[in-house]
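Contents: one structure, followed by commentary.
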Amino acid sequence: MTRSMDKIVALCKRRGFIFQNSEIYGGQNGFWDYGPLGTELKRNVRDVWYHDMVSAHNELLQPAGAPATFQMVGLESALIMHPQVWKCSGHYDLFHDMMVDCTETRKRYRVDHVKGHWVKCNGKTVKLNKASSEADASAAEEADRVFVTTTEANAIEHVKEKALKLFELRAKDAERLQIEEQVLGLAAISAADRGKIFAPDASRAGTLTDPREFNLMMKTILGALGTQEDAAFLRPETAQGIFVNFKNVCDSTRVKLPFGICQVGKSFRNEITPRNFTFRSREFEQMEIEFFCHPSQSREWYTYWRDRRYNWYLNLGIAKDRIILRDHHQDELAHYSVGTADIEYAFPFLDAGEYGELEGIAHRGDFDLRSHMEGKLTKNAAGELEVEKLADGTPKYRGSGKDLSYFDDQTRERFIPHVIEPSAGADRGTLAFLCEAYHEDHQPDEKGEMQERVVMKFHPRLAPVKAAVFPLIKKEGMPEKAAEIYGELKAAGLSVNYDQQAAIGRRYRRQDEIGTPFCITVDGDTATDKCVTIRDRDSLVQERIPVDRIVDEVLSRLKA
Ligand code: GAP
């Protein structure tokens with residue numbers, strides 16, 4: 001089975017899962033639109049997350065593995081917040097990527113996305129401006145090696161192809177090329193070597209600028225006058241909306257620690273190089289939990305959420321050999337974090353053994369609540385957090401001055417809670433579920449001839465269409481009966497398709513390709529035996545079920 005990204009992207013467009021945004025005008029890089037099926041799928045991802053984390057959460061019972069019982073509540077904050085929020089959270093100063101520009105191609109790259117390889121020929125360095133088809137050794141001795149960069153996933157093949165052109169060699173000379181194993185980030189290249197860098201699509205060396213910072217927050221202007229003083233930012237994460245409402249939630253709902261506040265919503269980041277389909281977009285949706293607890297229990301809660309969130313993906317059908325829990329190294333941690341683990345998935349656009357982030361689970365300590373109380377925090381020489389000061393000793397960014405501590409009326413203790421943050425991407429999750437669902441197999445058609453079948457094996461909870469109803473033929477009352485069943489399934493709140501066009505085998509294949517778990521066929525016997533056939537997408541088993549039990553049957557199979 002080949003799970004290629006090209007096939008998945010083509011299916012997404014052909015069947016209406018995901019479209020390029022503004023496609024008729026040539027597209028808008030980093031933005032995507034969800035078609036009718038994609039809308040259902042992504043809505044299911046969000047709904048299942050909210051159901052499992054909030055609606056179905058029973059605060060009277062201690063879930064397996066949890067150190068205690070706890071409450072979970074929802075929140076929906078605005079996309080635009082007071083600019084001071086981003087100053088105190090650290091996003092204004094610190095939320096940036098290092099980027100380089102190519103002065104020849106005018107392309108911009110994130111430094112950590114450009115992979116580089118030192119290339120030599122015949123075991124010796126090659127003089128580029130004298131490169132001959134033989135690239136002979138005498139010419140080689142005078143020159144230096146060059147650094148070829150690429151953003152491609154199959155870097156070695158790409159570098160080989162580029163180096164062949166660079167050294168003006170024939171394809172058969174490829175084996176004489178020596179590509180050093182070492183893969184360096186651009187940041188690791190000395191200033192002296194900068195002039196020898198070939199940017200990914202450049203024709204000559206030395207066209208990359210020095211790395212510089214680029215803030216990822218998207219700016220917008222509020223109000224009619226539109227001056228810089230009216231500048232505001234589209235939120236780059238939903239989390240800050242939760243922190244600034246912490247006191248409101250405590251005061252209005254009388255929740256008791258430990259508890260979680262959950263939010264699903266759009267976030268915006270001016271990504272330098274949006275790519276890999278929806279994986280890195282400029283507008284995307286997050287599903288975030290900020291879990292507030294007593295500092296002395298925060299490590300236990302961190303472990304609990306790390307394991308629980310990992311299992312959530314497994315329970316929704318992600319295969320264990322394609323998903324990992326990876327603990328961050330100390331130098332990878334975000335500015336606020338004392339510990340973070342990522343849940344990562346083996347997306348098909350990555351090389352074998354590589355994984356892309358689906359969700360991060362961060363132990364944020366009291367950084368956020370304290371920053372919004374006192375002003376932007378920074379680490380001092382002793383590694384402790386303190387308010388960042390200007391030369392005159394005043395805070396660089398003032399906090400709200402509001403008391404965001406928590407008073408435990410049982411223990412009579414007042415403290416600033418610690419926070420565990422499981423932060424998932426709804427679009428990344430949807431993409432992982434799409435990739436995981438993609439399967440190809442061969443099944444016999446009506447004439448017994450083997451046909452290739454593409455089948456999206458979505459978990460039934462996520463499948464965009466839960467059932468399809470077909471009349472076997474368009475007469476003898478079959479369409480009327482099928483329409484009746486269709487109406488009953490719809491009335492039960494299910495997303496259902498009705499299809500009476502083409503041979504039954506083709507209708508099955510159409511549903512398989514969009515991942516419909518169950519197909520129900522009204523046939524010539526239905527009028528007499530009052531039964532229909534229900535076919536299972538994965539096992540292909542077909543069973544006769546009484547018509548008056550079909551809604552319950554589908555509902556119970558969806559729950560199984
Ligand atoms: N509040 C913490 C936070 O925002 P993050 O790791 O930057 O952490 C959390 O983002 C999740 O949001 C990621 O694991 C990913 O699933 C999703 N995400 C982040 N940037 C994204 C982008 N440019 N496109 C799509 N999803 C993104």
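Indexing begins at 1, ligand by ligand and atom by atom, following the structure's order. These numbers were taken from a predicted model, which means no experiment stands behind them. Any value given below was found using the heavy atoms of this structure, including those in side chains, with hydrogens, waters and symmetry copies removed.
- Atom NZ of Lys396 has more than 12 neighbouring heavy atoms from other residues, nucleotides or ligands inside a 6.0 Å radius.
- Close contacts between ligand 1 and Ala239 involve ligand atoms 1 (N) [criterion: under 4.0 Å to a heavy atom].
- The proximity of Arg364 to ligand 1, defined as any non-hydrogen pair under 4.0 Å, is limited to the side chain.
- Dense packing is recorded around NZ of Lys266, with more than 12 heavy atoms of other residues, nucleotides or ligands lying under 6.0 Å away.
- Remark: Arg414 CZ is packed, more than 12 non-hydrogen atoms of other residues, nucleotides or ligands lying under 6.0 Å away.
- Contacts with ligand 1 closer than 4.0 Å are made by heavy atoms of both the backbone and the side chain of Ser423.
- At least one N or O atom of Phe279, backbone or side chain, sits closer than 3.5 Å to an N or O atom of ligand 1.
- An N or O contact shorter than 3.5 Å is missing between Glu290 and ligand 1 by distance.
- Residue contact check: Glu359 has heavy atoms under 4.0 Å from atoms 14 (O) of ligand 1.
- Using a cut-off of 4.0 Å between Lys/Arg side-chain N and Asp/Glu carboxylate O, Arg108 and Asp101 are scored as salt-bridged.
- Those atoms of ligand 1 that come under 4.0 Å of a heavy atom in Glu237, given as number and element, are 1 (N), 2 (C), 3 (C), 4 (O).
- Heavy-atom proximity to Ser281, at under 4.0 Å, picks out these atoms of ligand 1: 22 (C), 23 (N), 24 (N), 25 (C).
- The cationic atom of Arg46 (NZ for Lys, CZ for Arg) does not lie both less than 6.0 Å from the six-membered ring centre of Trp49 and within 45° of the ring axis.
- One N or O on the side chain of Thr103 and one on the backbone of Thr207 form a donor-acceptor pair closer than 3.5 Å.
- Within a 6.0 Å sphere centred on OH of Tyr92, other residues, nucleotides and ligands contribute 12 heavy atoms or fewer.
- Close N/O approach between Pro236 and ligand 1 is not found [any backbone or side-chain N/O within under 3.5 Å].
- Of all atoms in ligand 1, numbered sequentially from 1 with element shown, those under 4.0 Å from a heavy atom of Glu357 are 6 (O), 13 (C), 14 (O).
- Ion pairing of Arg269 with Asp97 is absent here, as no side-chain N (NZ or NE/NH1/NH2) approaches a carboxylate O to less than 4.0 Å.
- Taking a cut-off of under 4.0 Å to the non-hydrogen atoms of Glu288, the atoms of ligand 1 that pass are 1 (N), 2 (C), 3 (C), 4 (O).
- The part of Leu358 lying near ligand 1 is the backbone, judged by heavy-atom distances below 4.0 Å.
- With a 4.0 Å heavy-atom cut-off, ligand 1 is reached by the side chain of Glu421 but not by its N, CA, C or O.
- Other residues, nucleotides and ligands contribute at most 12 non-hydrogen atoms within 6.0 Å of the CZ atom of Arg106.
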